[in-house]
Amino acid sequence: QSYGEEDTSHVMTLSMELAQESKMNGVYQLRNNTCYIPYYVGPYITYPTESQSTCPHDDQATRIYRTINGTCNNILEPQLGQSNGRFKRYLQAEYDDGYSSPRIYSRNRTCTDYVIYRKCIKQLLPSARTVSAAIHTEYNISSPNTVMLMQWGQFLDHDFTAAAIVQPAEENPCCNHSDVRAGKLHPDSFISDGQCFPIPIVQDPSDRHFNRTCMNFIRSKSIDDRIGFFRPREQQNLLTAFIDGSNVYGSDDTTASHLRGQNGRMKTSGNNLLPRGNDGDCIRDNAPYCFAAGDERVHVFPGLTAMHTAFVRLHNYLVEKFDNHTTWDGEKLYQESRKVVGAILQRITYTEWLPEILNSYTMHQYRLNEGGYQYNQNVNPSISGVFGTAAFRFGHSLIPDFLVIDGQEKPSRKLFNNPQHVFTSLDSIVANLLSNPAQMRDRFVSREVSDHLFERNGIGFDLPAFNIQRGRDHGLPSYNMFRYFCGLPEVTSFNSSYLGNAGPSLQSVYAHVDDIDVFAGGMSEPNLPGSNLGPLFSCIIAQQFQDLKYGDSFWYETSDQQRGFKAAELASIKKIGLSKVLCQVFNLVKVQRNPFKLVTNTNPEVLCDSLDDIDLTPWY
Ligand code: HEM
Ligand SMILES: [Ca+2]
């Protein structure tokens, strides 16, 4: 077994409750529909690994601290979870040509069956925009959770997933083709190594706002250029899979050293903000400059920029304290502080954030609660395609219509990629994350992102449509296949109660229940009691978080002598929550104990001073 293989073997040992023969025995064969010939891609053969690194046990550098690019976490297979590695798959890819071209056709085919020759009249899947316009409409219900629930989700996502795309040479390259202008699919959609896969916008009265016929979309990069060898195309994750603060420090050495300042500190700019960076997608209109961070998407939302700022400040706070009490050199100050920041990120995620997302039953079933940690070197910590491309995008449903900044409602469309308010109103942004409600986690999504994402000169984009199109680009099998993978009954009719109230809308766009895209179907499922997710996304997300915990040899609770914390240090870390961190780095006076929930009688505001201090005495 080797890096890049579909690795589900570990699931057997870790989650016997869920383990099902069907999903564990190698690659799952697609259900044989009347006219559907399943393409068998596999069994997953061994890929050559990109960088053959070795990690000798006696190498101090890789033994004690995480590497920046995530290698050497797993001693048997040092590449597991590294940046620029493959997304793993739970199910065989479903590409139209079997190995690379996107999934574009419906299961609904009319076929004439000959013994040697089978001729089918194919029907295209509905456009991703059509699906979005039918399913992911707007219906705002406020959630009992704060915008911080959304914001942590995005910040966390940027610690572990970023699919590489091919950088286009020109501005809007995929919508300029004559076929597209004639209302047809871009010719790249039919071939294995095409880069364009623009989303057709079908003009019909139900579509709300778009008076264009095409939304630009570029396919994710194939991990290597060997698609001609009949191996399924695989996507590349630019980030380290581990929750290791790579969003703060970077996922490669160049970025990391660029962000590092003097004497163990992280670089900052005026007013203790993030350091200056390249413009990239950032809108400079009213901002003096743009920021640099461990993940490039730092400007996507000012709340996100605020979280990046928080953890750079936390790092520097730790450095300062350590420096005052030890004789450590810059390297040690940096590494020890980075180790604590990583531990705090993990702990907030698993003990504060995940319990708002998954219910207590799932938390327990997947062993996601604090305590009882033991590293399992057979667990593949890589991010699964369906997690990054579909399930973990559930957070797009939480996005609010606006933030209140300095007492004014600023529609989200004015905030994307715009760092302006971070310079003038950072405290107000943070206060709003903690006091305004997120939207409910349901299939409905704010029009701010479904019509007005990245809007410039009246041209906006549709985020749910991107998610659906990205799933097809990555060859994700459909919703039902993943239901099957999770041991959930497959949906056999659009009337199924599993689909909540989305059945009729789904039926209005899809020809066959097996066509339902995994994002659209998973988002349609009503939340399980006590959770913010339906059964399918609960399964996929819980499985991924299990892998990220038990497959991480630097997990903050590890008892490993060199990688872990001393008992007293760990006890100190276990007293730190997000509220305290925010108090510390933003000089708050009071905050609610659970920052992911609105202030109520059961979640009152308390004085920051009444929360346990970040106690570093065990370190010195
Ligand atoms: C203001 C809020 C947000 C904006 C504007 C935003 C925007 C985007 C965009 C434009 C993409 C790329 C879509 C594509 O081309 O495939 C994306 C991907 C993604 N988003 Fe969000 N998002 C937001 C919040 C969130 C939240 C709250 C979560 C999770 C809780 C999340 C999870 C993800 C994930 C996992 C991806 C895939 C990343 C990758 O692998 O490349 N996002 N988002
Ligand atoms: Ca990471």
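Counting starts at 1 for both ligands and their atoms, in listed order. Only heavy atoms go into these numbers, but all of them, side chains included; no hydrogens, no water, no symmetry mates.
With waters neither drawn nor counted, the protein N/O/S atoms under 2.8 Å from atom 21 (Fe) of ligand 1 amount to 1. The tally of protein N/O/S atoms under 3.0 Å from the Ca ion (ligand 2) stands at 7.
Side chains of Thr240 and Ser83: no donor on one and acceptor on the other come within 3.5 Å. Donor-acceptor pairing under 3.5 Å is recorded for the side chains of Asn145 and Asn532.
Among the candidates Asp547, Asn380, Asn237, the single residue satisfying the side-chain hydrogen bond (donor to acceptor under 3.5 Å, both in side chains) test with Lys88 is Asp547. Just one residue in the list Tyr550, Phe242, Tyr350 forms a ring-ring contact (aromatic ring centres under 6.0 Å, His included) with Trp555, and that residue is Tyr350.
With rounding to the nearest 0.5 Å, the separation of OG1 in Thr309 from CG in Leu274 is 3.5 Å.
For the pair Leu453 and ligand 1, a heavy-atom separation below 4.0 Å is found.
The residue from Pro464, Ala163, Ala465, Ser220 that puts a heavy atom closest to atom 40 (O) of ligand 1 is Ala163.
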For the pair Phe394 and Phe537, evaluate ring-ring contact (aromatic ring centres under 6.0 Å, His included) and give the outcome as yes or no after the intermediate values.
-> CA-CA 8 Å; Phe394 79 92; Phe537 283 0; 7.7 Å; no
Walk me through it: do Asp193 and Arg219 pass the test salt bridge (charged side-chain N to carboxylate O under 4.0 Å, His left out)?
-> CA-CA 10 Å; Asp193 52 359; Arg219 291 194 71 185; over 6 Å; no
Starting from the C-alpha separation in whole Å, work towards a yes-or-no answer on ring-ring contact (aromatic ring centres under 6.0 Å, His included) for Phe155 and His308.
-> CA-CA 8 Å; Phe155 182 57; His308 278 276; 5.1 Å; yes
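The shortest contact between atom 29 (C) of ligand 1 and any protein heavy atom is with Phe392 O, 3.2 Å. Regarding atom 38 (C) of ligand 1, its nearest protein heavy-atom neighbour is Thr161 OG1, 3.4 Å.
In this structure, the ring of His315 has its center less than 6.0 angstrom from the ring center of Tyr249.
Ion pairing of Arg347 with Glu557 is absent here, as no side-chain N (NZ or NE/NH1/NH2) approaches a carboxylate O to less than 4.0 Å.
For ligand 1, the atoms lying closer than 4.0 Å to a non-hydrogen atom of Gly388 are 35 (C), 36 (C), 37 (C).
For the pair Lys549 and Tyr556, the cation does not sit on the ring face, since its NZ or CZ is not both under 6.0 Å from the ring centre and inside 45° of the axis.
Using cut-offs of 30° and 60° on the angle between ring planes, the pair Phe545 and Phe392 is tilted.
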